[in-house]
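Reminder, nothing fancy here: chain letters follow the sequence lines and each chain counts from 1.
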There are 2 protein chains.
Amino acid sequence: MKQGTQKLYVDQPARVGHSQCRNCNILHEVLFSDLTNNELDSIIQGIYEPIDEFSYEKGAVLYHEGDEDDAIYTIRSGLVKLVRYLPDNSERIIRLMKGADSIGLERVLGHTYGHTAIAIGPVTACRIPIGVLQLLDAEKPRFYRQLMERWATVLFQADDYIMMLLSGTVKQRVAHLIEWLSDITQDSDKHSVVLLKGKNAAAMLDITAESVSRTLAELKRLNILRHLDGDRYEYDAKALKEYANAA
Amino acid sequence: MKQGTQKLYVDQPARVGHSQCRNCNILHEVLFSDLTNNELDSIIQGIYEPIDEFSYEKGAVLYHEGDEDDAIYTIRSGLVKLVRYLPDNSERIIRLMKGADSIGLERVLGHTYGHTAIAIGPVTACRIPIGVLQLLDAEKPRFYRQLMERWATVLFQADDYIMMLLSGTVKQRVAHLIEWLSDITQDSDKHSVVLLKGKNAAAMLDITAESVSRTLAELKRLNILRHLDGDRYEYDAKALKEYANAA
DNA sequence: CGAGAGGTTGACTTGCGTCAATGAACGTGG
DNA sequence: CCACGTTCATTGACGCAAGTCAACCTCTCG
């Protein structure tokens, strides 16, 4: 459904098994909140299609823009980027979703997927057939209230995204990205982040990968950013703000 | 509630009168769709606070970010910009809303207004107390379904906004803005637009007012854009696309 | 008619994109 | 296990698109 001239992405997830919804604190807290265990059980038994859990490797596609599978996904771990492609086939990251977020919600309204969802690192996610949501709706009319809150949350995030990550100079954007990522991933209250770099960061901030690299290099040079391991870094929050604010 | 060092905006709307909801095709089509006249009547009678219609002059503020009046607004005519202010007090337009759009929906979820809403030209809008919506909810549990669709629509627009108006060169952004405005305002199928210029356009596209001015001047010079009257222009859609695509 | 805000235009400067070369990381096959 | 290819990150040199600064014009409104 996407243009094939694009970079090749892996496409086969591994099915981990049926989801243990009763034991899944994420679903409980998030999508099915305010349901009792009994209600949840009855719904799960009522469906013919199971809720499966899948694991995806880096670069795997959960779904493509324009597709119309009857399912949404709830991320259990990892980061998923929702992207669209510009006319020149370059990738633009529209949103970045983390554990406990649900994606593909537009299918509930009958729209095709609005983005292509790609795992940034290793990801596990539950595939929830839309039938489940329809049952939920039937059982609990106020269910849509819940869903609405999620839409609203996503929208607020989109606004912040525009304000923080798509405004100002390269330095400001990169600085904001670091703060934002550390917020998102909530790596404890410690000032550490799993950092997006290169192409991914560039596609979020609408700048080039080279600019990202240069800026991160400068931050390391200034000792505002220190490497820990892998993609993990710690940073000096105060100095980072100053760096961003300095003309 | 906003930083007062900012440009002064007029703040007093004129109350036009109680809204004639039964005769208001906008509300019918949009927010209260799928309600019968009888249902609508019974709801309107049930509320203590009336639905008033106001007219705002250019620059008037419908509400401020952070405020918590118990009302949403449905725009009946004109354009309203939803803005936030960057640390340096410069204005950034997050969304542009037109007739038949509803704004301030976040109040339904109990959040404070997420933006400051400012009339771009003359605007008329109905102020709908939240109580009305709660009654609607009580009468029609599936009401939230409707609201959810609106959230989703806004979100899709936000995505397009990022893709079209906040990507690429100045020329591309301005070109896209023209197309987008002509879409939004649907000035018949003819290729004409009420054009945003200067500061407003700049605040949408995240470029400077000078860049906007220069680009529009060039478009006029190339005869791709022709002045009609006031802020209305007609344009050559095909030539405009070529202009945007040319490196 | 004057003041003030916003739009236009020109000259200058610079941030950042482009291009290109090098290096590091990873996977594959011999 | 090492050699090789592929992909992505890094670094430098260069040029241009667009921001900045400033002068001037236009419109509106008191």
message = Would you say that Glu218(A) contacts Arg221(A) through its side chain, given a criterion of any heavy-atom pair below 4.5 Å between the two side chains?
response = yes
ask   = Given atom CZ of Arg221(B) and atom C1' of dT9(C), what is their separation to the nearest angstrom?
value = 10 Å
request  = Indicate yes or no: at least one non-hydrogen side-chain atom of Tyr56(B) is less than 4.5 angstrom from one of Ile120(B).
outcome  = no
ask   = Can you check whether Ile207(A) reaches Thr215(A) side chain to side chain, under 4.5 Å on heavy atoms?
value = no
query = Which listed nucleotide (dA18(D), dG17(C), dG19(D)) is nearest to the side chain of Thr169(B)?
reply = dA18(D)
For atom CG of Leu216(B) and atom P of dG6(C), their distance in whole Å = 17 Å
message = Check this for me, if you would: do Asp206(B) and Arg173(A) make a salt bridge, where the nitrogen-to-carboxylate-oxygen distance has to be below 4.0 angstrom?
response = yes
ask   = Over how many whole Å does the gap from Ile207(B) atom CD1 to dG7(C) atom C1' extend?
value = 14 Å
task = Starting at CG of Leu177(B), measure out to CE of Met204(B) and round the result to the nearest 0.5 Å.
result = 6.0 Å
query = Do Lys241(B) and Glu179(B) touch side chain to side chain, with heavy atoms closer than 4.5 Å?
reply = yes
remark   = Atom CG of Asp206(B) and atom C1' of dA17(D) are separated, to the nearest Å, by 15 Å
Nearest-nucleotide pick for Ser213(A), side chain only, options being dT9(C), dA9(D), dG6(C) = dA9(D)
Protein-nucleic acid N or O pairs under 3.5 Å, nucleotides 23-30 of chain D:
none

key: Lys/Arg N to Asp/Glu carboxylate O, Arg107(B) vs Asp67(B), below 4.0 Å   = no
request  = Rounded to the nearest 0.5 Å, what's the gap from CZ on Arg92(A) to CD1 on Ile162(B)? Could you check?
outcome  = 6.5 Å
query = Quick one: is Thr208(A) getting a side-chain N or O under 4.0 Å of the dC16(C) phosphate, OP1 or OP2?
reply = no
ask   = Tell me: CD of Glu218(B) to P of dT8(C), nearest whole Å?
value = 14 Å
task = Measure from CZ on Arg173(B) to P on dA17(D) and round the result to the nearest Å.
result = 15 Å
task = Please work out if Lys171(A) contacts a base, only the sugar-phosphate, or nothing of the nucleic acid, heavy-atom cut-off 4.0 Å.
result = nothing
inquiry  = Without decimals, in angstroms, what is the distance between Gln172(A) CD and dC16(C) P?
reply    = 9 Å
message = I want to check something: taking the side chain as every heavy atom from C-beta on, are Leu181(B) and Val194(B) in contact at a cut-off of under 4.5 Å?
response = no
query = Which residues in residues 222-229 of chain A have at least one heavy atom lying under 4.0 Å from any atom of DNA chain C?
reply = none
request  = Would you mind checking if Glu91(B) and Lys199(B) are paired as a salt bridge, meaning a charged N to carboxylate O distance below 4.0 Å?
outcome  = no
Kindly give the atom pairs (protein nitrogen or oxygen, nucleotide nitrogen or oxygen) under 3.5 Å for nucleotides 19-27 of chain C.
from    : atom 1 : to        : atom 2 : distance (Å)
dC19(C) : N4     : Glu210(A) : OE2    : 3.4

ask   = Ser211(B) side chain N/O closer than 4.0 Å to the phosphate oxygens (OP1, OP2) of dA18(D)?
value = no
task = Round to the nearest Å and state the distance from Asp231(B) atom CG to dG7(C) atom P.
result = 10 Å
ask   = Is Arg95(B) close to Leu155(A) at the side-chain level, that is, under 4.5 Å between some pair of heavy atoms?
value = yes
message = Does Lys220(B), at its NZ atom, have more than 12 non-hydrogen atoms belonging to other residues, nucleotides or ligands within less than 6.0 Å?
response = yes
ask   = If you check every side-chain atom of Lys197(A), which of dT9(C), dC16(C), dT10(D) has the closest atom?
value = dT10(D)
ask   = When we call it a touch if two heavy atoms are under 4.0 Å apart, what does Ala217(B) touch: a base, just sugar-phosphate, or nothing?
value = sugar-phosphate
